[in-house]
Amino acid sequence: MRRSTLLCETLRDDPAEADVPNHILLVRGCFIRQLASGIYSLLPLGTRVAAKIEQVLREEMDAIGGQELTMPVVQPAEIWQQSGRWYDIGDDLLRLKDRAEHDLVLAMTHEEVITSLIGYNVHSYRQLPVMLYQIQTKFRDEPRPRAGAIRLREFTMKDAYSAHISQEDLDRYYPEVYQAYFNIFRRCGLDVISVDSDVGMMGGTMAHEFMSLTPVGEDTLVLCDACGLSANRQIATFRKDVIDGGEPQPLAEVATPDTKTIAELADLLDIPESSTAKAAFFVGDAGLIFAVVRGDMEVNETKLTNATKSTALRPATEAELHEAGIVPGYASPLGVSGVQVVVDDLVAQSTNLVAGANKAGYHLYNVNHGRDYEADVVVDIASAYDGAPCPDCGGPVRLERAIEVGNIFKLGTKYAAALKAQYRDEAGDQHPMVMGCYGIGVERLMAAIVEASHDERGMIWPVAVAPFQVYLVVLNQNDESVMQAAEQLYADLGAAGITVLFDDRNESPGVKFTDADLLGMPLRLTVSRRTLKNESVELKLRTDKEFTLVPLAEAVAHAQAQIGALQASIDARVVAEEFAVGG
RNA sequence: CGGGGCGUGGCUCAGCCUGGUAGAGCGCAGCGUUCGGGACGCUGAGGCCGGCGGUUCAAAUCCGCCCGCCCCGACCA
């Protein structure tokens, strides 16, 4: 490809709307272009990267028995009603009507279609297991798209679905997908770790997320250096040490004017925050939720969502609290009614905590669960914090930010039962299939790669996903012999099967080198009057500071060797990964 | 949806407070000179100042409403 004809106008300045590296660089390099919030065009360079990623996806999915297919993006509401997600999912699901006023959705994922499809086409245990996948557009009407290509509304997803005769067979297969996922990310040059994750709106029994560690990430992970534990903070547990509060003492009211926060309360009463109980209020499917954790901890909304069997939570408004007779800042689980009280297990085991009196300006000493109030649910709803004791080994955990680039779920029979994907066993009896689903976001993966692999000058593409392997610069174009040599090299590289972006523009050397760095092809070749004086070509890796001169006649061979070495170093990282529950 | 910020040639921004001829740099087009790390000179094109309404003799500028975009919070590939 000639740079002079490529649709690629690089930007000198950082775009105003971008403030994270992947977004800045992808826009400056003309890989993506925003159309609306969370909706982007992939320009030629971005499309080439996506195609390279998709090639890796296809190879790895095919290697574990996947068959590619293509399903519709626009889908009738009926199948979503059958699965229940029409009702469970809120505004993230974009709904529309056709001319006949039929309800339609833009698919945010394809469990419904694939399940009905498999149910239609698979009837016998002899046809199972089956693994199907597609690489196709998804639409999620995200409340807040973010960070360039990391959080989009319209995006491309490799979504795969497997169907099995039994949980055992799914359990056997699941680690194969787990391994394939590691292979995919490593081949794309991205380091990831796997973590246990929440099953969320997908339902199911087990899930892993594949995480690329970066401060730009939206997820928080809980990691233990001592034993290797890793989990999404949404579900991470930690060891809770009960502080001995002594035998339950009589309740005692204490005046605490103007102490609306736990910090103020602890300060005023001269007690540690861990001697208090903290209340937080949410609204779930069943109405107002009164959540209680120890004062030094935070409520984990994912855990609380699961504990209350809600599909979604939102913080309660002041008005809703007043209506329920709750005094914000002085709220107490004592004497409240008509709300669901969820108490963290640690609070339930603690004695003589200080809690609100549900009366403005007053708190209570010696509040004890079981004696003074009853919870509807007692379960872990506290969020793991930096330095919390690891649930497995007791060592301190640390929190890290990460991008979720992929996930795998054991769905179980939820969709198969709802959408009647059944098979007959050897005895002729019908059973719902046991399913798994497996997703990877293509644009997000591209963004995560840039996030993980760039410097102050620009992107540094791992060779397997680079839009071109070589950036060929020619200088002194007015010198016919130089131009001729460059043209010949361009042709020879192409003939050798190397993908080349040939910067044949009439631009100054500075412009070309700067663009070469920004666009980030792994290998740069430069032909100029100077190099030709020695019958040579300059060769430089994007990751290196220095360049080397190689004989013009051997330039193609050297380029091939360099690309081969880059590829080999990536291949060396594709190794067997131990499948571990809990890590 | 709650909170904060921003909308002025393709891009980055100034001008707005204190109303009166719409600006700079980059980019783009032409000519010439340059040619190893975002070169230089000359010439030129390009703007309903996000939209609607209001105030005023006069609005990019003041006021109101709306729309869009970004950031922080709750969700997900």
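All chains are named by letter (A, B, ...) in the order of the sequence lines, taking the proteins before the strands, and each is independently numbered beginning at 1. All heavy atoms count here, side chains included; hydrogens, waters and symmetry mates do not.
Distance A:R401 CZ to B:C72 C1': 11 Å, rounded to the nearest Å. Atoms CG (A:L43) and C1' (B:C11) sit 15 Å apart, rounded to a whole Å. Across the protein-nucleic acid pair, A:F185 atom CZ and B:A77 atom C1' stand 9 Å apart, rounded to whole Å. Going from atom CG of A:N534 over to atom P of B:G36 covers 15 Å, rounded to whole Å. The CG atom of A:D515 sits 13 Å away from the C1' atom of B:G27 (whole-angstrom rounding). In this structure, the CD1 atom of A:I32 is 15 Å from the P atom of B:C11, given to the nearest Å. A:I150 places its CD1 atom 15 Å from the P atom of B:A77, with the value rounded to the nearest Å. In this structure, CZ of A:R524 is placed 13 Å from P of B:G36, rounded to the nearest angstrom.
Across all strands, A:F547 comes closer than 4.0 Å to base atoms (heavy-atom distances). A:V511 comes within 4.0 angstrom of a nucleotide base, judged by non-hydrogen atoms across all strands. When heavy atoms are screened at a 4.0 angstrom cut-off, A:R144 is found touching base atoms of the nucleic acid. Residue-level contact check: A:T531 touches the bases, meaning some heavy atom is under 4.0 Å from a base atom. At a threshold of 4.0 angstrom between heavy atoms, the contacts of A:D92 are confined to the sugar-phosphate backbone, with no base atom among them. Within the nucleic acid shown, A:A147 comes within 4.0 Å of sugar-phosphate atoms alone, with no base atom in reach, counting heavy atoms only. A:E9 comes within 4.0 angstrom of sugar-phosphate atoms only, judged by non-hydrogen atoms across all strands, and of no base. Among the heavy atoms of the strands lying under 4.0 Å from A:R28 is at least one base atom, whether or not backbone atoms are also near. Across all strands, A:L152 comes closer than 4.0 Å to base atoms (heavy-atom distances). Residue contacts for A:T514: at a heavy-atom cut-off of 4.0 Å it reaches a base atom on one of the strands shown. Among the atoms of the strands shown, only primed sugar atoms or phosphate atoms (P, OP1, OP2) are found under 4.0 Å from some heavy atom of A:D14. Contacts of A:A36 with the nucleic acid, taken as non-hydrogen atoms under 4.0 Å apart, involve only primed sugar atoms and P, OP1 or OP2.
Within 6.0 Å of CG in A:D91 there are 12 or fewer heavy atoms belonging to other residues, nucleotides or ligands. Within a 6.0 Å radius of CZ in A:R95, other residues, nucleotides and ligands contribute more than 12 heavy atoms. The neighbour count for A:E59 CD, taken as heavy atoms of other residues, nucleotides or ligands under 6.0 Å away, is above 12.
Remark on RNA chain B: of its neighbouring residues A:A16 and A:R146, the 5'-side contact belongs to A:A16, judged by nearest-heavy-atom nucleotide. When each of A:L35 and A:E301 is assigned the nucleotide of RNA chain B with its nearest heavy atom, A:L35 is the one assigned upstream, toward the 5' end.
Nucleotide B:C35 forms a pair with no other nucleotide shown, judged by Watson-Crick or G-U wobble geometry with both contacts under 3.5 Å. Base pairing annotation: B:A29 forms a Watson-Crick or G-U wobble pair with B:U43, both donor-acceptor distances under 3.5 Å. Base pairing analysis places B:G7 opposite B:C67; the two distances defining the Watson-Crick or G-U wobble pair are each below 3.5 Å. A 3.5 Å limit on both hydrogen-bonding distances identifies B:C1 as the Watson-Crick or G-U partner of B:G73. In this structure B:C16 sits in no base pair that meets the Watson-Crick or G-U test at under 3.5 Å. Applying the Watson-Crick and G-U wobble criteria (two distances, each under 3.5 Å), B:A58 pairs with nothing in any strand.
The gap from the P atom of B:G50 to that of B:G68 amounts to 16 Å, rounded to the nearest Å. Across the P atoms, B:G51 and B:C11 are found 15 Å apart, a figure rounded to whole Å. Taking atom C1' in both B:G32 and B:G47, one finds a spacing of 30 Å when rounded to whole Å. Rounded to a whole angstrom, the distance from the P atom of B:G15 to that of B:G9 is 15 Å. On the C1' atoms, B:G7 is 13 Å away from B:C13, given to the nearest whole Å. If you take atom C1' in B:G46 and the same atom in B:A22, they sit 13 Å apart, rounded to whole Å. Taking atom P in both B:U61 and B:U21, the straight-line distance is 13 Å, to the nearest Å. Using P as the reference atom, B:G25 and B:C70 are 30 Å apart when rounded to the nearest Å.
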Quick one: which protein N/O atoms are closer than 3.5 Å to N/O atoms of nucleotides 6-8 of chain B? Pair and distance per line, please.
none

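When the nucleotides B:C35, B:C76, B:U12 are ranked by their closest atom to the side chain of A:D219, B:C76 comes out on top. If you check B:C76, B:C71, B:G36 against the side chain of A:D19, the one that comes closest is B:C71. Side-chain proximity of A:E142 to B:A77, B:C70, B:G36: nearest is B:A77.
For the side chain to side chain donor-acceptor pair (under 3.5 Å) test, no residue two or more places apart in sequence or in another chain qualifies with A:D92. Applying the salt bridge (charged side-chain N to carboxylate O under 4.0 Å, His left out) rule to A:E176 yields the partners A:R172; only residues at least two apart in sequence or on another chain are considered. Taking A:E400 as the reference, A:L213, A:L223, A:R398 meet the side chain to side chain contact (heavy atoms under 4.5 Å, CB included) condition, with sequence neighbours excluded.
The base of B:C35 is not paired with the side chain of A:R530 by any donor and acceptor separated by under 3.5 Å.
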Return a table of donor-acceptor pairs under 3.5 angstrom between the side chains of residues 40-51 of chain A and protein atoms on other chains or two or more places apart.
residue : atom : partner : partner atom : Å
A:Y40   : OH   : A:H23   : NE2          : 3.0
A:T47   : OG1  : A:L42   : O            : 3.1
A:T47   : OG1  : A:L43   : O            : 3.0
A:R48   : NE   : A:P467  : O            : 2.8
A:R48   : NH2  : A:P467  : O            : 3.3

Cut-off 3.5 Å, no hydrogens considered: what does the side-chain donor-acceptor table look like for residues 519-529 of chain A, sequence neighbours left out?
residue : atom : partner : partner atom : Å
A:R524  : NH2  : A:E538  : OE2          : 3.1
A:S528  : OG   : A:R530  : N            : 3.3
A:S528  : OG   : A:T531  : N            : 3.2
A:R529  : NE   : A:D479  : OD2          : 3.2

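The phosphate of B:G37 (OP1 or OP2) has no side-chain N or O of A:S508 nearer than 4.0 angstrom. Contact between the side-chain N/O atoms of A:Q34 and the OP1/OP2 oxygens of B:C70 is found at a separation under 4.0 Å. The phosphate of B:G27 (OP1 or OP2) has a side-chain N or O of A:R12 nearer than 4.0 angstrom. Distances shorter than 4.0 Å separate some side-chain N or O of A:N407 from OP1 or OP2 on B:A77. Between A:R457 and the phosphate of B:G38, there is no side-chain N or O to OP1/OP2 separation shorter than 4.0 Å.
Pairing each heavy atom of A:Y161 with each of A:H110, the nearest pair is OH-N, 2.9 Å.
Centroid-to-centroid, the aromatic rings of A:F290 and A:F281 come within less than 6.0 Å.
In this pair, A:Y174 and A:H208 present their aromatic rings tilted. The plane angle is within the 30 to 60° band. Note: A:Y181 and A:F210 have tilted aromatic rings, judged against thresholds of 30 and 60 degrees for the angle between ring planes.
Stacking of A:F155 onto the six-membered ring of B:A77 is present: less than 5.5 angstrom between centres, less than 30° between planes.
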